Amino acid sequence: MDQHQHLNKTAESASSEKKKTRRCNGFKMFLAALSFSYIARALGGIIMKMSITQIERRFDISSSLAGLIDGSFEIGNLLVIVFVSYFGSKLHRPKLIGIGCLIMGTGSILTALPHFFMGYYRYSKETHINPSENSTSSLSTCLINQTLSFNRTSPEIVEKGCLKESGSHMWMYVFMGNMLRGIGETPIGPLGISYIDDFAKEGHSSLYLGSLNAIGMIGPVIGFILGSLFAKMYVDIGYVDLSTIRITPKDSRWVGAWWLGFLVSGLFSITSSIPFFFLPQNPNKPQKERKVSLSLHVLKTNDERSQTANLTNRGKKVTKNVTGFFQSLKSLLTNPLYVMFVLLTLLQISSFIGSFTYIFKYMEQQYGQSASQANFLLGVITIPTIATGMFLGGYIIKKFKLSLVGIAKFSLLTSIISFLFQLIYFPLICESKSVAGLTLTYDGNNSVASHIDVPLSYCNSECNCDESQWEPVCGNNGITYLSPCLAGCKSLSGIKKSTVFYNCSCVEVTGLRNRNYSAHLGECPRDDACTRKFYIYVAIQVINSLFSATGGTVGILLIVKIVQPELKALAMGFHSMVIRTLGGILAPIYFGALIDKTCMRWSTTSCGARGACRIYNSVFFGRVYLGLSTALRFSALVLYIVFIFVMKKKFQGKDTKASDNERKVMDEANLEFLNNGEHFVPSAGADSKTCNLDMQDNAAAK
């Protein structure tokens, strides 16, 4: 009998151990699945940022409209954040995260779908060079347009067919796809962090979050590598004979295989969603549940008796909660420290978001770098620098045990140093390219006051050229001409990329002593002085990134100390909403609108409407792009100084050392910031996926 009881106890013990192991494995499986979802969301975010210039060219849209498409991610986020914040912890969190990953992947695939319905990309809608193999054409006059043009259609046919043109309104699918991606991304961070906080062993949540966010950094690494690779590929790769393509990745009309990145990230997101549907809602009981489980039986009877009274008072409670919400919001908005902090972080992050959205365009237009080169360089620069800055900032704060005022001063110091390095960018602006008809007269001898309606010169006035044509050629005098005809070229030889034009009268009159007045396809490259400036720009970018990242993650800790304890969750939620709405959505739009003002030559769609910009005034582009970012950051610094002054008076004589719990909150904020670090590049910006929203839900869950 005793032996039988011993066997029963042994079996029960083994069953208990097996159950415990199953629960432990369930939590570990959740961590593994969540790691893949973090990689997926970071990959999707960086692919969108890297593709925005390609999308602008492919769909023939302005930079401001491209900025609206980029901001649609935040629109999607805002549409469901209330639902996720309120109902997320009450529903099956793993399945909800799985549904989010599925929607996120669907959005990425929807973004890529227009490529398969738009037809082939026509990089030159006005003309098309198609000389016969190895032929040489000699013309008595420079009517190159007659040789270069074919398949011209009548205005009536164009008018009827323009609505079916490949890029007419297809950008709306990209807008909706990015919005879906924003909707799907919403539950991953908040619900994932709260799930870990509920079911991790005591004191292990920070370790898990650190591992999670470190693994999440794989996403940006993969994104930059894929983005650089796909940008080299022609958009219609696999559909057209690449030997017939005469433009190169450095051409302003080049569009890479942008859609491949969205397909890869979409499939990865969908795959990452699968494990969540097989995970339990509660792998084991949270510690808090264990402590109160003994009292549940005692309270059960009393709870049943009070149900009727609760139902009666529910309406009163709702009214009281609504009133309390508005009173709490009023309390926040009348807190000068909180309002100043919201405004200064809005200015800072708006500067980052707007800058990063167009950093790839800036490097292409300012320094003549291809999209592939810009993507690769930014990836190499930002990821290790941001990671180093995050950990360095946390180490300094812990090492010296800074008070909250000290942390604010430290953040201000790093912001000032970063701002000073930002000013160095201005001397690194390159001169505008020498382009006949835009910055120079057509004979190349004199500069022009305005790029609008530059008159023809005697070297091409009798050529009967189409002045709207954009087929740039580089003369052997180093000047770019808008087309072979406007360069006065009278003969050509070669095929595709190797086509060379000869007897170019506008090249001749610039004073060349030899008789080789020729031009070849494509814009002239940047000079050596501009190339040297680019290398300096890269070096400054590294230093700037380091200082901005070092002091850029203390916001969450400041928020929880400058508001009343019961208002912390609301304060972080309202702060996140303002950043997403006024920063994430609006910043790319007004940055893009101002950049559009610096355009010197626009493409023309088949409907005759204005398309994408072909070439910018480099000097004006640099001044607008850097000037707007610098103005926002300077305003934030002024507010930061006032903020610290007011904060110092309020906390004077009080113990404002950060507690261990608050340091844990800051550590989690740093880690979440690092996970989205690819969006917080100094002068290269942010996707506004700030840590505040995730920490809000974490705090609410606690």
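The residues of the chain are indexed from 1 along the displayed sequence. Just so it is clear, the model here is predicted, and its values are computed rather than measured.
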Any side-chain donor-acceptor pair under 3.5 Å between [X] and [Y]?
X: S545; Y: T382; answer: no
X: Q422; Y: R633; answer: yes
X: S272; Y: R41; answer: no

Any side-chain to backbone donor/acceptor pair from [X] onto [Y]? Under 3.5 Å, distance only.
X: S350; Y: L347; answer: no
X: S194; Y: L191; answer: yes
X: D596; Y: S63; answer: yes
X: S629; Y: Y625; answer: no
X: S418; Y: T414; answer: no
X: N77; Y: I183; answer: no
X: S576; Y: M572; answer: no
X: S411; Y: I407; answer: no

Checking I416, I417, L392 against F547 for side chain to side chain contact (heavy atoms under 4.5 Å, CB included), the one that qualifies is I417
_In this structure, is the centre-to-centre distance between the rings of F73 and F175 below 6.0 Å?_
no
Subject >> Ring centres under 6.0 angstrom apart (F30, Y195) >> reply: yes
### Task
List the steps and the verdict of ring pair (Phe, Tyr, Trp, His ring centres under 6.0 Å) for F419 and Y640.
CA-CA 13 Å; F419 177 77; Y640 220 142; over 10 Å; no
Considering only heavy atoms from C-beta outward, does the side chain of M217 approach that of I39 to under 4.5 Å?
-> no
Across all chains, not counting sequence neighbours, the ring-ring contact (aromatic ring centres under 6.0 Å, His included) partners of F591 are none
Near [X] [atom1], under 6.0 Å, is it more than 12 heavy atoms from other residues, nucleotides or ligands?
X: F277; atom1: CZ; answer: yes
X: F36; atom1: CZ; answer: no
X: Y395; atom1: OH; answer: no

Problem - Residues Y338, H575; criterion ring pair (Phe, Tyr, Trp, His ring centres under 6.0 Å); working and verdict - result: CA-CA 9 Å; Y338 178 75; H575 176 267; 7.2 Å; no
For the residue pair F643 and F341, categorise the inter-ring angle as parallel (less than 30°), tilted (30 to 60°) or perpendicular (more than 60°). tilted
